[in-house]
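Below: the structure, in structure tokens.
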There are 2 protein chains.
Amino acid sequence: MTPTIHDVARLAEVSIKTVSNVMNDYPHIRPATRQRVLDAIASLDYKPNLSARGLRSGKTGLVSLIIPDLRNPYFAELADIVVRAAEAQGLSVMVAQSNGQRERELSLLVGPRMQMVDGVLFSALGLSAEDNDLLARIRTPMVLLGERILDGPKDHVTMRNVEGSEAATAHLIGIGRRRIVALGSDPAQGLGSAALRLEGYRRALRHAGIEEDPDLLVDVIGWYRRTGADSMRAFLDRGVDFDGVVAFNDQIALGALRVMQEAGLHVPDDVAVIGFDDVDEVRYTLPSLSTIDPGREEIVEVALRYLTGRMDGSDADVPPRDHLTSFRLIQRESTTPA
Amino acid sequence: MTPTIHDVARLAEVSIKTVSNVMNDYPHIRPATRQRVLDAIASLDYKPNLSARGLRSGKTGLVSLIIPDLRNPYFAELADIVVRAAEAQGLSVMVAQSNGQRERELSLLVGPRMQMVDGVLFSALGLSAEDNDLLARIRTPMVLLGERILDGPKDHVTMRNVEGSEAATAHLIGIGRRRIVALGSDPAQGLGSAALRLEGYRRALRHAGIEEDPDLLVDVIGWYRRTGADSMRAFLDRGVDFDGVVAFNDQIALGALRVMQEAGLHVPDDVAVIGFDDVDEVRYTLPSLSTIDPGREEIVEVALRYLTGRMDGSDADVPPRDHLTSFRLIQRESTTPA
DNA sequence: GTGAAAGCGCTAACAC
DNA sequence: GTGTTAGCGCTTTCAC
């Protein structure tokens with residue numbers, strides 16, 4: 001069957017300890033011995049059994065990434081970066097999908113698979129601050145992503161939502177727009193991205209001395225292209241005058257973009273549009289979409305640094321950390337001044 | 001520390017064997033005993049150590065999904081379905097990215113992580129039939145996805161590429177187009193999606209009695225929005241007359257769509273366009289994109305069935321299988337007859 | 001510098 | 001029906 005460390009030891013005429021030493025780069029091994037072992041490994045095509053190693057060491061080299069779903073390009077691109085970054089550190093990534101459902105998130109967090117990973121990157125959508133107790137009880141190292149849970153019992157990394165949204169709105173104001181729709185507010189969401197981005201929108205208006213018009217606050221339940229399109233359609237039907245749109249993510253923006261263009265509105269001349277996330281696809285729409293780049297690379301880099309610090313115990317006594325990444329406003333055709 | 005089966009046994013006042021029996025749904029246990037064990041498990045919040053179980057049983061409950069990358073919406077959506085389907089069977093999914101590079105694919109296939117999974121779904125892009133020997137040597141159950149490797153030593157699932165492409169082309173012919181661009185041919189690719197889809201294109205032309213014009217075969221190296229846009233721009237510069245485009249995937253189609261519209265061409269009136277893959281985003285472009293739905297659900301369902309059959313040994317002696325899924329042509333605005 | 005042996009937590013053959 | 005025990009393949013303490 002598949003060779004074990006004993007087979008290697010026998011072939012190299014050493015003990016299994018020596019084989020183990022070679023594999024783990026133990027320093028004091030005679031070069032000749034090491035070479036014999038390496039040759040034996042190669043000739044048997046030996047691969048260490050990771051379950052056995054995991055049992056012994058308590059480490060599996062696996063981290064879990066829990067996200068709502070991969071159909072959402074934001075999370076797909078996030079997962080892409082996580083997988084790359086993790087692999088660079090010799091870690092593999094298990095992807096689990098919650099569909100944004102609280103029940104599903106809970107069962108993933110307490111499920112047996114948690115036993116198998118050294119750490120978890122968790123992008124919560126259903127859980128909230130009320131679940132902090134449960135979160136605190138989880139032993140597996142964990143870093144929270146996103147804004148559902150702030151000031152929780154775990155390390156947390158996300159973007160500067162308020163400032164990002166403020167910058168997006170200010171950008172539209174800067175190119176002369178005054179009747180700006182906030183597309184994506186969601187009263188049901190409580191604290192979370194929607195609330196924070198709405199806050200940034202308001203700050204920008206206030207700063208520019210523009211009075212907020214409730215007619216321009218458009219709810220979008222679930223941030224997809226379809227819901228963005230539906231909400232925009234309903235908004236257009238109301239006949240409210242507007243000249244700019246801050247969409248709270250790119251998917252909404254794309255759905256709205258299509259509906260506005262169908263309705264004969266010209267973007268950016270009639271309506272300037274800016275999104276959030278900078279997913280890849282918005283570079284090639286017509287017009288291309290201005291957006292806020294949330295600094296995904298930085299999010300992943302910091303999150304993984306926090307996580308590995310917890311995993312190897314070097315940050316064991318550090319209280320929960322909070323990191324806010326810097327964003328970038330990316331101007332494209334959808335907000336080009338006339 | 002974390003409780004073990006011994007702690008549970010002590011608390012429930014039974015032996016570890018009984019605890020193990022309860023967990024594995026062994027039939028002959030007195031209900032009262034079973035309940036005591038279950039209570040003990042609950043009160044200790046006991047979770048079986050999966051490394052130990054994996055060491056003992058030789059099974060980890062993990063499958064690996066090797067794809068080029070998650071930035072590509074086709075693979076992100078495929079991964080989404082794989083994760084869902086695997087979870088429904090109690091399996092977890094490890095995602096690894098190859099970037100389509102042969103070297104990276106090879107190192108993933110022989111790397112230590114293979115030791116940790118019960119099976120592999122492998123969407124090859126760099127490997128080819130020349131690597132069949134290597135593939136044959138791999139013990140881990142494996143199913144190949146896509147068309148890089150046909151008639152290989154492993155089970156294989158993909159769509160009917162030739163027929164799909166033929167249908168797409170025939171559809172354009174059916175709405176009166178005669179000068180149809182094949183966007184995505186790639187002579188370097190040898191056998192593979194590009195060659196098969198080109199073959200389908202040719203069949204449809206032949207069937208309709210349209211002579212092939214080499215000027216209408218446009219290479220696209222790497223099937224992204226950007227390369228689709230670049231290739232279309234170069235093609236437009238050549239001033240060749242055309243009235244239809246069969247793009248070999250949706251990303252190419254979207255890049256080309258933008259460039260054509262920038263150039264003042266109207267889709268579908270001037271040029272009808274059809275893509276391949278039916279990724280989610282093409283529903284909300286303007287115009288929405290007609291495309292070939294490759295039957296991803298079926299691909300995943302069959303692939304996972306093949307894989308689990310190999311994993312549990314029930315199909316151990318079955319020779320490599322080949323399954324071609326049925327596709328669907330989805331007509332949207334980009335090919336609406338005038 | 002290398003070997004012998006214990007033990008990580010679990011499953012399953014075998015005993016009772 | 002339930003308990004005892006060996007052993008999966010590895011790392012690691014302790015000898016030598």
Side-chain angles (χ1 to χ4, degrees), chain A residues 1-38 40-41 44-62 90 112-118 139-140 312-313, chain B residues 1-38 40-41 44-62 112-118 139-140 312:
Chain A
M1 272 304 297
T2 55
T4 77
I5 197 170
H6 289 99
D7 300 316
V8 176
R10 201 173 312 123
L11 184 60
E13 299 181 304
V14 296
S15 78
I16 60 168
K17 172 64 166 90
T18 305
V19 178
S20 176
N21 281 342
V22 169
M23 287 193 303
N24 297 299
D25 290 322
Y26 183 76
H28 308 296
I29 310 170
R30 205 170 297 155
T33 314
R34 140 170 279 124
Q35 195 53 53
R36 273 216 317 287
V37 171
L38 290 175
I41 289 177
L44 290 174
D45 192 23
Y46 165 76
K47 308 223 170 50
N49 179 315
L50 298 184
S51 290
R53 180 176 285 176
L55 174 57
R56 188 60 245 227
S57 66
K59 301 245 160 285
T60 58
L62 269 180
R113 279 283 131 65
M114 285 293 274
Q115 257 296 317
M116 183 174 246
V117 299
D118 296 340
R139 312 295 206 98
T140 312
D312 64 22
Chain B
M1 272 306 296
T2 55
T4 77
I5 198 171
H6 289 98
D7 300 316
V8 176
R10 202 173 312 124
L11 184 61
E13 299 180 305
V14 295
S15 79
I16 61 166
K17 173 65 167 94
T18 305
V19 178
S20 176
N21 281 342
V22 169
M23 288 193 302
N24 296 299
D25 290 321
Y26 184 75
H28 309 295
I29 310 169
R30 203 171 299 154
T33 314
R34 142 169 277 125
Q35 194 52 55
R36 272 216 317 287
V37 171
L38 290 176
I41 288 177
L44 290 174
D45 191 25
Y46 165 76
K47 309 225 170 49
N49 180 315
L50 298 186
S51 289
R53 180 177 284 177
L55 174 58
R56 190 59 246 225
S57 67
K59 300 248 161 284
T60 59
L62 269 180
R113 279 282 131 64
M114 283 294 272
Q115 256 297 318
M116 183 173 246
V117 299
D118 296 340
R139 312 294 205 100
T140 312
D312 64 22

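A note on names: the letters A, B, ... follow the listed sequences, proteins ahead of strands, and every chain is numbered from 1. From a predicted model like this one, the values you see are computed outputs, not experimental measurements.
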- Mapping B:L55 and B:R34 to their closest nucleotides on DNA chain D, which lands nearer the 5' end?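 Checking each residue's closest nucleotide, the 5'-ward one belongs to B:R34.
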Less than 4.5 Å apart, side chain to side chain, heavy atoms only: is that true for [X] and [Y]?
X      : Y     : value
A:L11  : A:D7  : no
B:Q115 : A:R53 : no
B:V14  : B:R34 : no
B:L62  : A:L62 : yes

Please round to the nearest 0.5 Å and tell me the distance separating atom [atom1] of [X] and atom [atom2] of [Y].
X     : Y      : atom1 : atom2 : value
B:S15 : B:H6   : OG    : NE2   : 9.5 Å
A:T2  : A:N49  : OG1   : CG    : 7.5 Å
B:K47 : A:T140 : NZ    : OG1   : 8.0 Å

- Give a yes or no on whether A:Q35 atom CD has more than 12 heavy-atom contacts from other residues, nucleotides or ligands under 6.0 Å away.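 Yes, because the 6.0 Å sphere around CD of A:Q35 holds more than 12 heavy atoms from other groups.
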- Query: For the helix from C:dG1-D:dC16 to C:dC16-D:dG1, what is the angle between the axes at its two ends, each from 5 pairs, rounded to 10°?
  - Reply: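 Answer rounded to 10°: the end axes differ by 40°.
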- So what does A:S51 hit on the nucleic acid, given a heavy-atom distance under 4.0 Å: a base, only sugar-phosphate, or nothing?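 No contact.
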- Below 4.0 angstrom from OP1 or OP2 of C:dG1, is there any side-chain N or O of A:T18?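 Answer is no, no contact under 4.0 Å.
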- Query: Taking CG from B:L44 and C1' from C:dG9, how many angstroms apart are they, rounded to a whole number?
  - Reply: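 Going from CG in B:L44 over to C1' in C:dG9 covers 15 Å.
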- Query: Can you give one letter per nucleotide of nucleotides 10-16 of chain D, going 5' to 3': B for a protein heavy atom under 4.0 Å from the base, S for sugar-phosphate only, - for none?
  - Reply: BBBB---
